[in-house]
Enquirer: 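Dropping the structure in here first, questions after.
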Amino acid sequence: MNEISRDIEQRQESRVGVVDCDIHPAFSTPDELLRYLPARWREHARDFAIRTGAPFLGSMPYPRITPGNGMRRDAWPPNGGPPASDLAFMQEQLLDPLNIEFGLLQPLGSGSSTHNQDLGAALATALNDWQVDKWLDRDKRLRGAICVTQEDTATAVAEIEARVSDKRFVQIGVPPRALEPAGRKRYWPIYEAAAHHGLPVSMHSWAFGSRANTGSGWTSFYIEEHVAFSNALQTALTSMIFEGVFERFPDFRLVLVEGGFAWLPPLMWRMDREWERMRGEVPHVKRKPSDYVRSNVWLTTQPIEEPETNRHLYDVLGWIGHDRLMFSTDYPHWDFDHPEFAFKVPLEPAVKEAILRGNATSLYRL
Amino acid sequence: MNDTARAVGRSEGRALPIVGLGAIDCDVHPRSPRRDDLLPYLDAYWRDIFMSRDIDHLELMSYPERTRPYRRPGADTSSHEALQRNLLDPLGLEAAILNVVSGIHGVYDPYLAAVLCEATNRWLAAEWLDKDPRLCASLLVPFQHPEAAVKEIERNAGDRRFVQILAVAMGEAPLGRRAWWPIYEAAERHGFALAVHAGSSYRHAPTQSGFPSYLVEEHVAQAQGFANQVVSLVAEGVFVKFPSLKVVLVESGVTWLPGLMWRMSKDWRGARIEIPWVKEMPAEIIRRYFRMTIRPFDGPSDSAEADKAIAHLGAEDMLLFSSDYPHDHGGDIAAWPASLPERLASAVASDNVLATYQRLELDA
């Protein structure tokens with residue numbers, strides 16, 4: 001292929017707009033978020049700190065591999081701030097060259113996991129104000145997530161109500177690692193509000209939690225923690241199905257973010273098998289568990305699994321159904337996926353369009 | 001029976017019978033012992049303790065054997081005769097490995113745990129293994145007390161009917177941790193495999209969000225427990241230190257493993273500086289060291305689709321036959337599972353098992 005034809009092909013390729021369902025905007029300085037807090041909570045954070053179930057204050061439970069807590073080494077903006085803290089550089093490195101038509105923000109604040117839930121609620125509100133001020137007001141392509149503290153559902157619902165009129169918020173962000181499994185009735189007011197307002201709930205892999213990250217206690221290594229990220233998503237999905245969330249709120253839509261997806265077919269087979277075996281225990285679960293997945297659940301693709309034999313990815317896509325998957329980069333994290341290179345097998349044009357764009361534009365009504 | 005005879009003997013569409021395969025069943029559950037069973041193997045002090053402290057039948061909350069899903073209709077595991085009648089004879093088994101998964105794994109007192117393990121092993125040997133030469137067993141060792149676990153392995157090293165040691169999928173700490181290495185050292189030295197069996201000692205909630213409401217959810221969550229143990233054993237370098245140790249995942253569901261292998265291998269490429277002693281792709285290590293029993297099998301009902309899922313493992317020698325008797329997974333345990341490809345039957349029923357268990361000797 002000569003330079004000119006390659007150039008043409010690339011330009012044709014780039015006309016397909018991409019929806020990136022997982023971008024992590026960052027604070028320029030550690031105290032940037034605090035400026036959005038009321039004085040009372042700013043002083044609280046200064047005098048008593050933001051305390052969570054993680055063992056260290058101010059550092060990650062498992063040190064990451066690359067500088068900046070696991071960032072792409074080339075994502076540091078020229079202005080000296082941390083990766084993804086500078087909109088201009090995010091535009092230059094991500095949004096423009098990858099032709100991102102819409103970029104969905106997944107802010108990772110620890111608000112939901114704070115021991116002090118009033119502080120957590122204030123942090124969630126601050127995080128939402130910050131999204132508007134620093135990102136949504138400044139680039140029309142970006143979309144926000146209404147961050148809430150799920151342990152205090154009344155406050156969470158109030159925060160949802162306060163934000164729904166701003167249509168740039170396209171989903172509700174709820175961490176999957178709650179104190180109790182996500183399907184428990186105590187969390188239902190959030191799902192009811194989400195269904196009522198037609199907003200999906202997105203659950204993003206979460207490094208903070210009060211419970212051990214495996215059923216055998218805490219892992220030793222980051223690589224183990226990272227592999228176990230999908231555990232939280234699997235648990236949330238299993239719980240929501242078997243507690244009857246999708247029966248009670250048939251319009252409720254769930255998006256599982258940053259857990260990959262190859263674990264889903266075995267989980268569906270397992271849930272279906274055990275449901276057949278133990279239906280008497282859960283008579284309120286009327287349909288086969290995998291049916292709820294196929295009607296109410298979506299997943300983002302990153303970090304995409306790379307089978308040892310590339311074509312095995314087709315089996316996985318077939319078992320899940322390509323209508324369930326939405327592309328994501330996870331910018332600016334080290335395990336970033338690129339829309340052209342993430343899939344190690346060629347995809348049919350229609351499938352590619354659905355995963356890179358169409359599924360997300362329909363789900364979020366973009 | 002040779003292949004032709006088998007083909008002639010089977011009418012169209014009939015399931016492949018297990019009898020004739022010379023199968024070795026890698027997961028059979030005898031009833032777990034009660035106090036009266038164990039008293040003969042206790043000294044005076046512990047007999048007194050068992051009586052005065054009401055220590056009797058111990059059943060795991062996470063693996064409640066008295067419940068409906070654990071009992072096939074008509075199941076009987078009360079004695080070796082019952083197993084002969086219901087399982088060994090009708091399936092024509094060459095051998096069967098008995099797994100006691102009981103409250104022993106959840107006992108807090110390390111000394112009590114050690115005594116329970118030893119007494120249960122003695123009971124298994126006297127009441128089961130001595131009664132039928134086809135019976136083998138997993139050795140119970142107190143992970144609560146690694147020093148005593150090593151002693152128990154040494155005590156039984158000469159009894160090759162104990163082919164592996166048993167751990168539950170969710171225990172006190174991840175199985176790769178160095179605290180357990182003395183146990184693995186002894187196990188490897190004497191050729192025992194490590195069986196990781198479904199169940200939790202409830203030292204930790206089974207999920208990252210605590211305890212689920214329903215038993216069915218907990219069964220689903222067991223797959224995560226297995227996955228975490230595989231990652232822990234590889235990441236901590238257990239196979240670097242103990243290259244002859246084999247790990248058998250019992251009742252894991254099987255099909256979750258390829259996705260985990262892909263995930264861990266990809267993560268290893270990015271994060272290997274954290275675990276520099278792991279010098280090979282985790283998928284390669286996993287294929288070499290891990291084996292899995294076939295019941296239950298989480299797969300599509302169509303065996304052609306299931307075949308694809310098995311192909312993702314990249315190694316059919318990882319699969320070992322099991323009936324999981326008396327647990328109720330529906331279907332006919334005397335027949336090859338309809339959802340699994342029949343071409344695997346002969347290797348899975350026997351060859352793979354013999355290649356896994358160094359200590360296993362078939363009665364000629």
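Predicted, not measured: the structure shown is a model, and the values here were computed from it. Every chain is numbered from 1 and lettered A, B, ... according to where its sequence line falls, protein lines coming before strand lines.
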Enquirer: To the closest 0.5 Å, what do you measure between CD (B:Gln224) and OG (A:Ser216)?
Expert: 11.0 Å
Enquirer: Using a cut-off of under 4.5 Å on heavy-atom pairs, state which of A:Gly260, A:Ala182, A:Ser220 scores highest against chain B.
Expert: A:Ser220
Enquirer: Do you know which of B:Gly330, B:Pro206, B:Ala223, B:Ser200 has the most heavy-atom pairs with chain A at a distance under 4.5 angstrom?
Expert: B:Ala223
Enquirer: Go through it in stages, so that I can follow the logic: the residues are A:Glu306 and B:Arg269, the test is side chain to side chain contact (heavy atoms under 4.5 Å, CB included), and I'd like the CA-CA distance, side-chain angles, deciding distance and then a yes or no.
Expert: CA-CA 12 Å; A:Glu306 293 173 17; B:Arg269 287 202 294 271; 2.7 Å; yes
Enquirer: Taking heavy atoms only and a threshold strictly under 4.5 Å, list by residue number the residues of residues 170-178 of chain B that touch chain A; give 'none' if the list is empty.
Expert: B:Met170, B:Gly171, B:Glu172, B:Ala173, B:Pro174, B:Arg177
Enquirer: Below 4.0 angstrom, N of the basic side chain to O of the carboxylate: do A:Asp335 and B:Arg263 qualify?
Expert: no
Enquirer: Enter the distance from A:Arg277:CZ to B:His219:NE2 here, rounded to the nearest 0.5 Å.
Expert: 5.5 Å
Enquirer: So what's closer than 4.5 Å to chain A heavy atoms on B:Pro300: side chain, backbone, both or neither?
Expert: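 Interface part for B:Pro300: both.
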Enquirer: Taking side chain as everything from C-beta outward and backbone as N, CA, C, O, which of these in B:Ala235 sits under 4.5 Å from a heavy atom of chain A? Side chain, backbone, both or neither.
Expert: both
Enquirer: So what's closer than 4.5 Å to chain A heavy atoms on B:Ala309: side chain, backbone, both or neither?
Expert: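 Both parts, backbone and side chain.
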Enquirer: Distance check, rounded to the nearest 0.5 Å: B:Glu274 atom CD versus A:Glu224 atom CD?
Expert: 8.0 Å
Enquirer: Would you check if B:Phe297 and A:Arg273 make a side-chain contact, meaning some heavy-atom pair closer than 4.5 Å?
Expert: no
Enquirer: Heavy-atom pairs under 4.5 Å with chain B are the metric here; pick the option from A:Trp263, A:Trp218, A:Phe261 that has the most.
Expert: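 Option with the top pair count is A:Trp218.
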Enquirer: Let's test your reading of the structure: which of A:Val316, A:Ile304, A:Thr309 forms the most heavy-atom pairs below 4.5 Å with chain B?
Expert: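 Of the options given, most contacts go to A:Ile304.
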Enquirer: Find the one option among A:Gly280, A:Ala228, A:Pro266, A:Ala236 whose heavy-atom pairs under 4.5 Å with chain B are most numerous.
Expert: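 The candidate making the most pairs under 4.5 Å is A:Pro266.
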Enquirer: Are side-chain N/O atoms of B:Gln208 and A:Arg211 paired as donor and acceptor at under 3.5 Å?
Expert: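 The criterion, which ignores hydrogens and geometry beyond distance, is not satisfied for A:Arg211 and B:Gln208.
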Enquirer: Please determine, among A:Pro181, A:Ala262, A:Gly318, the option with the most heavy-atom pairs under 4.5 Å with chain B.
Expert: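 Maximum pair count with chain B is reached by A:Pro181.
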Enquirer: Output the distance between atom CD1 (A:Ile241) and atom CD (B:Glu217), rounded to the nearest 0.5 Å.
Expert: 10.0 Å
Enquirer: Does B:Pro212 reach the side chain of A:Phe242, with side-chain heavy atoms less than 4.5 Å apart?
Expert: no
Enquirer: Stepwise, does the side chain to side chain contact (heavy atoms under 4.5 Å, CB included) test hold for A:Met278 with B:Tyr214?
Expert: CA-CA 10 Å; A:Met278 302 171 70; B:Tyr214 305 108; over 6 Å; no
Enquirer: Considering only heavy atoms from C-beta outward, does the side chain of A:Ile223 approach that of B:Trp268 to under 4.5 Å?
Expert: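 Of all side-chain heavy-atom pairs linking B:Trp268 with A:Ile223, at least one is under 4.5 Å.
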Enquirer: Can you tell me how far CG of B:Asp298 sits from CE of A:Met268, rounded to the nearest 0.5 angstrom?
Expert: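 Spacing of CE (A:Met268) from CG (B:Asp298) equals 12.0 Å.
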Enquirer: Using every non-hydrogen atom in the two residues, find where A:Arg270 and B:Gly253 come nearest and quote the distance to one decimal.
Expert: NH1-CA, 3.7 Å
Enquirer: Side chain, backbone, both or neither: which part of B:Met261 has an atom under 4.5 Å from a heavy atom of chain A?
Expert: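 Contact with chain A is through the side chain of B:Met261 alone.
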Enquirer: Can you list the steps and then say if A:Gln234 with B:Thr207 is a side chain to side chain contact (heavy atoms under 4.5 Å, CB included)?
Expert: CA-CA 9 Å; A:Gln234 296 189 45; B:Thr207 83; over 6 Å; no
Enquirer: Just so I understand: if I count every heavy-atom pair under 4.5 Å between each of A:Gly183, A:Ala178, A:Ser210 and chain B, which residue has the most?
Expert: A:Ala178
Enquirer: For the residue pair B:Ser209 and A:Glu180, confirm or rule out a side-chain donor-acceptor distance under 3.5 Å.
Expert: no
Enquirer: Does any heavy atom of chain A fall under 4.5 Å from the side chain of B:Asp328, the backbone, both, or neither of them?
Expert: backbone
Enquirer: Any residues in residues 281-293 of chain A near chain B, with a heavy-atom distance under 4.5 Å, and which are they?
Expert: A:Glu281, A:Val282, A:His284
Enquirer: Quick one: OG1 on A:Thr219 to CD on B:Gln229, what's the gap to the nearest 0.5 Å?
Expert: 11.0 Å
Enquirer: Can B:Ser265 and A:Glu308 be counted as having a side-chain donor-acceptor contact under 3.5 angstrom?
Expert: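 Per modelled atom types, B:Ser265 and A:Glu308 side chains form no pair under 3.5 Å.
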Enquirer: Please assess B:Trp256 against A:Leu267 for the test side chain to side chain contact (heavy atoms under 4.5 Å, CB included), listing each intermediate value before the final yes or no.
Expert: CA-CA 7 Å; B:Trp256 53 271; A:Leu267 180 69; over 6 Å; no
